[in-house]
Amino acid sequence: MTESVLDYMNRLGRAAREASRVLARAATAQKNRALQAAAAALDAARDELVDANRQDLEAGRANGLDEAMLDRLALTPARIDDMIEGLRQVAALPDPIGEIRDMRYLPSGIQVGKMRVPLGVVGIIYESRPNVTIDAASLCLKSGNATILRGGSEAIHSNQAIARCIQQGLAEAGLPAAAVQVVETTDRAAVGALITMPEYVDVIVPRGGKGLIERISRDAKVPVIKHLDGICHVFIDQAADLDKAIRVADNAKTQRYAPCNTMETLLVHAAIASRVLPPLAAIYRDKGVELRGCPQTRELLGADVLEASEADWATEYNAPILSIRIVASLDEAIEHINRFGSQHTDAIVTENFSDARRFITEVDSASVMVNASTRFADGFEYGLGAEIGISTDKLHARGPVGLEGLTSEKYVVFGDGHVRT
Ligand SMILES: NC(=O)C1=CN([C@@H]2O[C@H](COP(=O)(O)OP(=O)(O)OC[C@H]3O[C@@H](n4cnc5c(N)ncnc54)[C@H](OP(=O)(O)O)[C@@H]3O)[C@@H](O)[C@H]2O)C=CC1
Ligand SMILES: N[C@@H](CCC(=O)OP(=O)(O)O)C(=O)O
């Protein structure tokens, strides 16, 4: 790259701003054509995608990436199928843009309603998972937003190969190339530039862990919808059904270890601990999950359960490790979650209606669940069609964010020469 990173990002920003105006007025059929053509381009570029991904995986291995990270980075034939299917599904979703609602006549005679519009230019910073490039590009395109995508540095070759397919789709549909731009440098100065260009970028979606949080909180000058870490809990209440408790707590931890909606801490009411914890611990041990517990848990389950430190309650492992704490009451469980959680997703297992009601009212998280696994916190599972991620912010969008979360509404007013008196 001959120009500086700052000049490069400014160029991307300027082009994205121009493209956003074209996209905002693009017809649904044209956006869908771009999505379908990108799907066909991916299908035709399977070998190229696998080759590019091989380079990333080799570099990742050489740099000591662990198995979980390598798994997230890998583009298998099945994952390429999923990306193609994902593009087609987003093409099939209803277009939210231009929808006008709540139109009504007011006493003055004017008509007032609300029209759904794109946000403009969306900058997304995300982990080294190449399929996210397709999810993010497709949702932004369908919702009429231009996007600048900054994926994890370990996925750079895969993301560039995917970007070429998206470009083909845009060209075939006659949409500007700058509608979707994938940052070509792994220099983190590009992140610094992206989050400080309010003249070109309307909103930043950061998906990531602690390092990213600190950087964004310190430097961002553009509005942010945080998609951050998930320290998710399951609380097994004294009134829990044992079978449901075991199924939910097993699935929430072991269905997949890395996602942000996986349970990291299991809280168990003291009155049910001796019945539910031994069979659960047997399942976790069978699956190779390392257990860390409070003193009461260790007394019950044995010394192979490591001692949980204060830091464990505030840790997102993203790995087969689980911290367990026995609590004396629902109040203590709620207090623990609100103190140590990350306001992402938390669940209670209970047959007691009042306890369930208190939990969903008092736990301050984006998703609160009753008798269901935290792994359900996902745009597809919530019926949104797909998701850009899970917002841990309170403003604009909270929880799984789909097409609607990438839009806003403006007032539209119709008169017939009306004037205010
Ligand atoms: N809420 C949600 O929807 C989601 C949340 N997550 C969370 O993400 C985390 C796991 O992902 P992981 O890959 O470890 O995330 P990281 O935070 O390490 O990386 C995510 C992205 O942020 C960039 N980044 C990280 N730190 C900085 C920094 N200081 N300055 C500039 N850029 C930075 C990375 O760039 P680089 O490649 O240069 O490191 C990468 O592009 C977990 O906490 C998980 O819960 C993940 C997915 C979805
Ligand atoms: N929606 C996802 C979880 C969010 C996500 O993408 O997380 P991650 O696997 O950490 O990148 C799922 O449940 O599959």
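Side chains are part of it too, since the values below use all heavy atoms of this structure and drop only hydrogens, waters and symmetry mates.
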I'd like a table of donor-acceptor pairs (distance under 3.5 Å, sequence neighbours excluded) in which one partner is a side-chain atom from residues 122-130, with atom names and distances.
unit_1 : atom_1 : unit_2 : atom_2 : d
Tyr126 : OH     : Thr133 : OG1    : 2.8
Glu127 : OE1    : Arg207 : NE     : 3.1
Glu127 : OE2    : Arg207 : NH2    : 2.7
Ser128 : OG     : Glu154 : N      : 3.4
Ser128 : OG     : Glu154 : OE1    : 2.3
Arg129 : NE     : Asn131 : OD1    : 3.4

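In the model, Ser143 has a side-chain atom that pairs as donor or acceptor with a side-chain atom of Asn145 under 3.5 Å. Side chains of Lys287 and Thr254: a donor on one and an acceptor on the other come within 3.5 Å. No side-chain N or O of Thr315 forms a donor-acceptor pair with one of Asp312 less than 3.5 Å apart. When only modelled atom types and interatomic distance are considered, Thr345 and Asn261 share no side-chain donor-acceptor pair under 3.5 Å. Arg116 and Thr407 share a side-chain donor-acceptor pair at under 3.5 Å. Under the 3.5 Å distance criterion, with hydrogens and angles disregarded, a donor-acceptor pair is assigned to the side chains of His233 and Asp346.
Annotation: the span from Ile195 atom CD1 to Met9 atom CE amounts to 10.5 Å, rounded to 0.5 Å. Note that the CG atom of Leu277 and the CD1 atom of Ile272 stand 9.5 Å from one another [nearest 0.5 Å]. Rounding to the nearest 0.5 Å gives a distance of 8.0 Å between CD1 of Ile348 and CG of Asn371. Atom CG of residue Leu175 and atom CG of residue Leu141 lie 6.5 Å apart, to the nearest 0.5 angstrom. Distance check, rounded to the nearest 0.5 Å: OG of Ser158 to CG of Leu57 gives 7.0 Å. The structure places CG of Leu406 at 12.0 Å from CG of Asp202, a figure rounded to the nearest 0.5 Å.
No side-chain heavy atom of Asp219 sits less than 4.5 Å from a side-chain heavy atom of Val191. Between Arg61 and Leu70 the shortest side-chain heavy-atom distance falls below 4.5 Å. Contact check for Ile360 versus Val370: side-chain heavy atoms found under the 4.5 Å cut-off. Residues Leu330 and His269 have side chains not in contact (no heavy-atom distance under 4.5 Å, counting atoms from C-beta outward). Considering only heavy atoms from C-beta on, Ile324 stays 4.5 Å or farther from Cys294 through its side chain. Inter-residue side-chain proximity for Arg285 and Val305 is flagged as met; some heavy-atom pair is nearer than 4.5 Å. Within the 4.5 Å cutoff, the side chain of Val182 has heavy atoms near those of the Gln160 side chain.
Ionic pairing of Lys210 and Asp229 is present here: one or more N-O contacts between side-chain nitrogen and carboxylate oxygen are shorter than 4.0 angstrom. Between Asp71 and Arg79, at least one side-chain N (NZ, or NE/NH1/NH2) sits under 4.0 Å from a carboxylate O, which counts as a salt bridge. A salt bridge links Arg298 to Glu307: one of the charged nitrogens lies within less than 4.0 Å of a carboxylate oxygen.
Geometrically, Arg339 does not engage Trp313 in a cation-pi contact defined by less than 6.0 Å to the ring centre and at most 45° from the axis.
A distance-only check finds no donor-acceptor pair linking the side chain of Ser20 to the backbone of Val121 [under 3.5 Å]. Remark: side-chain polar atoms of Glu387 are paired, donor with acceptor, to backbone N or O of Gly379 under 3.5 angstrom. In this structure, the side chain of His227 engages the main chain of Ile225 through a donor-acceptor pair within 3.5 Å. In this structure, Asp187 contributes its side chain and Ala190 its backbone to no donor-acceptor pair below 3.5 Å. One N or O on the side chain of Ser329 and one on the backbone of Glu332 form a donor-acceptor pair closer than 3.5 Å. Remark: side-chain polar atoms of Asn318 are paired, donor with acceptor, to backbone N or O of Ala258 under 3.5 angstrom. With Gln181 contributing its side chain and Leu12 its backbone, the two residues share a donor-acceptor pair below 3.5 Å. Distance alone, capped at 3.5 Å, places no donor-acceptor pair between the Lys244 side chain and the Val349 backbone. Panel note: side chain Gln343, backbone Thr392; no donor-acceptor pair is recorded below 3.5 Å. Between the side chain of Asn63 and the backbone N or O of Ala59, at least one donor-acceptor pair lies under 3.5 Å.
Other residues, nucleotides and ligands place no more than 12 heavy atoms under 6.0 Å from the CD atom of Glu18. Around atom CG of Leu106, more than 12 heavy atoms belonging to other residues, nucleotides or ligands sit under 6.0 Å away. Counted within 6.0 Å of NZ on Lys221, heavy atoms from surrounding residues, nucleotides or ligands total 12 or fewer; the atom is thus considered open. Environment of CZ in Arg357: sparse, with no more than 12 heavy atoms of neighbouring residues, nucleotides or ligands closer than 6.0 Å. A 6.0 Å sphere centred on CZ of Phe376 holds no more than 12 heavy atoms belonging to other residues, nucleotides or ligands. Atom CD of Glu85 is surrounded by more than 12 heavy atoms from other residues, nucleotides or ligands within 6.0 Å. Residue Glu381 places its CD atom among more than 12 non-hydrogen atoms of other residues, nucleotides or ligands, all under 6.0 Å distant. Within 6.0 Å of the OH atom in Tyr382, the count of heavy atoms belonging to other residues, nucleotides or ligands exceeds 12.
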Salt bridge (charged side-chain N to carboxylate O under 4.0 Å, His left out), that's the test. Do Glu264 and Lys253 meet it? Break it down for me.
CA-CA 7 Å; Glu264 305 295 6; Lys253 184 65 219 177; 3.1 Å; yes
Would Glu172 and Arg33 count as a salt bridge (charged side-chain N to carboxylate O under 4.0 Å, His left out) if you check the C-alpha gap in whole Å, the side-chain angles of each, and the deciding distance to 0.1 Å?
CA-CA 8 Å; Glu172 281 184 36; Arg33 199 153 66 241; over 6 Å; no
Met103/Val412 under side-chain contact (heavy atoms from CB on, under 4.5 Å): CA gap, chis, key distance, verdict:
CA-CA 9 Å; Met103 207 69 198; Val412 288; 4.2 Å; yes
Given Thr265 and Leu322, is the side-chain contact (heavy atoms from CB on, under 4.5 Å) satisfied, shown in steps?
CA-CA 6 Å; Thr265 301; Leu322 176 70; 5.6 Å; no
Could you go step by step and tell me if Asp393 and Arg398 meet the salt bridge (charged side-chain N to carboxylate O under 4.0 Å, His left out) rule?
CA-CA 6 Å; Asp393 247 327; Arg398 199 174 188 193; over 6 Å; no
Derivation of the side-chain contact (heavy atoms from CB on, under 4.5 Å) call for Ile390 and Cys260
CA-CA 8 Å; Ile390 296 161; Cys260 51; 4.0 Å; yes
Please evaluate residues Ile97 and Met115 with respect to the criterion side-chain contact (heavy atoms from CB on, under 4.5 Å), reporting the C-alpha separation (whole Å), side-chain torsions for both, the decisive distance (0.1 Å), and the verdict.
CA-CA 8 Å; Ile97 298 304; Met115 182 164 75; over 6 Å; no
Criterion salt bridge (charged side-chain N to carboxylate O under 4.0 Å, His left out) on Asp243 and Arg247, from CA distance to verdict:
CA-CA 6 Å; Asp243 183 49; Arg247 268 188 291 144; 3.2 Å; yes
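Ala137 and Ile166 make their closest contact through CB-CD1, 3.7 Å (heavy atoms, listed as atom of the first residue, atom of the second, distance).
Screening residues 100-111 for side-chain hydrogen bond (donor to acceptor under 3.5 Å, both in side chains) gives Arg101-Glu409 as the qualifying pairs, with residues at least two apart or on separate chains.
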